[in-house]
Amino acid sequence: MCIECGCEEATHPAHDHEHPHHHEHGPKTLRIEEDLLSKNNRLAGQNRQMFREQGVFVLNLVSSPGSGKTTLLEKTISALAPEMRIAVLEGDQQTSNDAERIAATGVPVKQINTGAGCHLDAHMVSHGVADFDLPETDVLMIENVGNLVCPASFDLGEHHKVVVLSVTEGEDKPIKYPHMFRAADVLLLNKTDLLPYLDFDLDKCRDFARQVNPRIRIFELSCKTGAGFDDWLGWLRQQILI
């Protein structure tokens, strides 16, 4: 859903796309956005309190489609499942393809299909986790809908937003979609095994990301080869112990 006007087409002239229908602009548009985010933030606070009381560490994985989030989850679960209890909430517009892949790892998983919606919100997450045994869960991984715009605005009650960027997407994504990289605490630069075949400028990408968010933590890894994966797992283990 577009937070500018509340339409399900996710299109609005104020953010670089054509608008396919008619509605009033001005104060009414701003009020809808304020209402949406205010309600979401209130529910996110409730989620955060619930996670704190149940002792669950929560990550919200965000990215554009095709960055490798699901593969990252599979590899992370495979490495950490022997030492901690993990559950996964899968967000997608249609299909349960990703949830089926996660289910094959043996951890509890719940699929949320958003239809025309382009992000998960706090209300969806509160219902999604109702099927999990949270007191028996150490880590909840939320795979958000593939989209570098709207998920940046919606707090789900997570401890950290983790943005996954594939090196096939171009090094300028942090400055093209600054809200997402500003909202995230961690940037995972994935598919680094492809760097020898691309013109992707790694240094420039790091500079762009820190230009937008000087505090962002950057890990470079390849889910295919495993290179850099130990650093990511080490950060995760450290956060869960805090």
Going by heavy atoms in the side chains, are [X] and [Y] under 4.5 Å from each other?
| X | Y | value |
| --- | --- | --- |
| L37 | S153 | yes |
| M84 | I240 | yes |
| K191 | K224 | no |
| F57 | L236 | yes |
| Q49 | R52 | yes |
| V149 | M180 | no |
| L140 | V129 | yes |
| L165 | L188 | no |

I'd like to know if the side chain of [X] and the backbone of [Y] have a donor-acceptor N/O pair within less than 3.5 Å.
| X | Y | answer |
| --- | --- | --- |
| N190 | S67 | yes |
| S222 | T225 | yes |
| D138 | R85 | yes |
| T137 | I86 | no |
| D121 | N40 | no |
| H159 | V58 | yes |
| N113 | T95 | yes |

Check your understanding: Do you see a donor-acceptor pair shorter than 3.5 Å between the side chains of D155 and N41?
Key -> no
To the nearest 0.5 Å, what is the distance between [atom1] ([X]) and [atom2] ([Y])?
| X | Y | atom1 | atom2 | answer |
| --- | --- | --- | --- | --- |
| K161 | S63 | NZ | OG | 13.5 Å |
| N60 | L156 | CG | CG | 4.5 Å |
| D185 | E158 | CG | CD | 8.5 Å |
| M124 | N144 | CE | CG | 9.0 Å |
| L59 | L89 | CG | CG | 12.5 Å |
| K69 | E143 | NZ | CD | 5.0 Å |

Check your understanding: With sequence neighbours excluded, what pairs up with T105 under the side chain to side chain donor-acceptor pair (under 3.5 Å) test?
Key -> none
Point to revise | Under the side chain to side chain donor-acceptor pair (under 3.5 Å) test, residues paired with E169 that sit two or more places apart | key: S64
Under the rule for side chain to side chain contact (heavy atoms under 4.5 Å, CB included), what residues qualify as partners of [X], not counting sequence neighbours?
| X | result |
| --- | --- |
| R101 | T70, T71, E74, D98 |
| V212 | I175, P178, F181, R182 |
| K39 | R42, L43 |
| N213 | R215, I216 |

**Study point:** side chain to side chain contact (heavy atoms under 4.5 Å, CB included) between I112 and L120, worked out
**Key:** CA-CA 8 Å; I112 299 176; L120 295 178; 3.9 Å; yes
Exercise for review: Sort out for me which residue in E90, Q111, K110 forms a side-chain contact (heavy atoms from CB on, under 4.5 Å) with I102.
Suggested key: E90
Point to revise | Partner of V88 under side-chain contact (heavy atoms from CB on, under 4.5 Å), chosen from L73, V139, T76 | key: L73
Can you give me the closest heavy-atom contact between [X] and [Y], atom names plus distance?
| X | Y | answer |
| --- | --- | --- |
| L72 | C223 | CA-SG, 3.5 Å |
| A184 | V163 | CB-CG1, 3.7 Å |
| A122 | A44 | CB-N, 3.5 Å |
| V62 | P151 | CG1-CB, 3.9 Å |
| L202 | E220 | CD2-OE1, 3.8 Å |
| I218 | A209 | CD1-CB, 4.3 Å |

Exercise for review: Apply side chain to side chain contact (heavy atoms under 4.5 Å, CB included) to V145 and Q93, showing your working.
Suggested key: CA-CA 7 Å; V145 179; Q93 288 195 318; 4.2 Å; yes
**Study point:** Salt bridge flag under 4.0 Å for residues E83 and R237
**Key:** yes
**Study point:** Basic-acidic side-chain contact under 4.0 Å: R206, D203
**Key:** yes
Review point. Could you walk me through whether F200 and L189 pass the side chain to side chain contact (heavy atoms under 4.5 Å, CB included) check?
Key: CA-CA 11 Å; F200 188 90; L189 277 172; 4.1 Å; yes
Practice item. Indicate the ring-plane relationship of F219 and W232, choosing parallel, tilted or perpendicular according to the 30° and 60° boundaries. Key: perpendicular
Review point. Does atom NZ of K173 have more than 12 heavy-atom neighbours, drawn from other residues, nucleotides or ligands, at distances under 6.0 Å?
Key: yes
Exercise for review: I would like to know whether F208 and D172 meet side chain to side chain contact (heavy atoms under 4.5 Å, CB included); could you show each step before the answer?
Suggested key: CA-CA 7 Å; F208 284 151; D172 60 350; 4.2 Å; yes
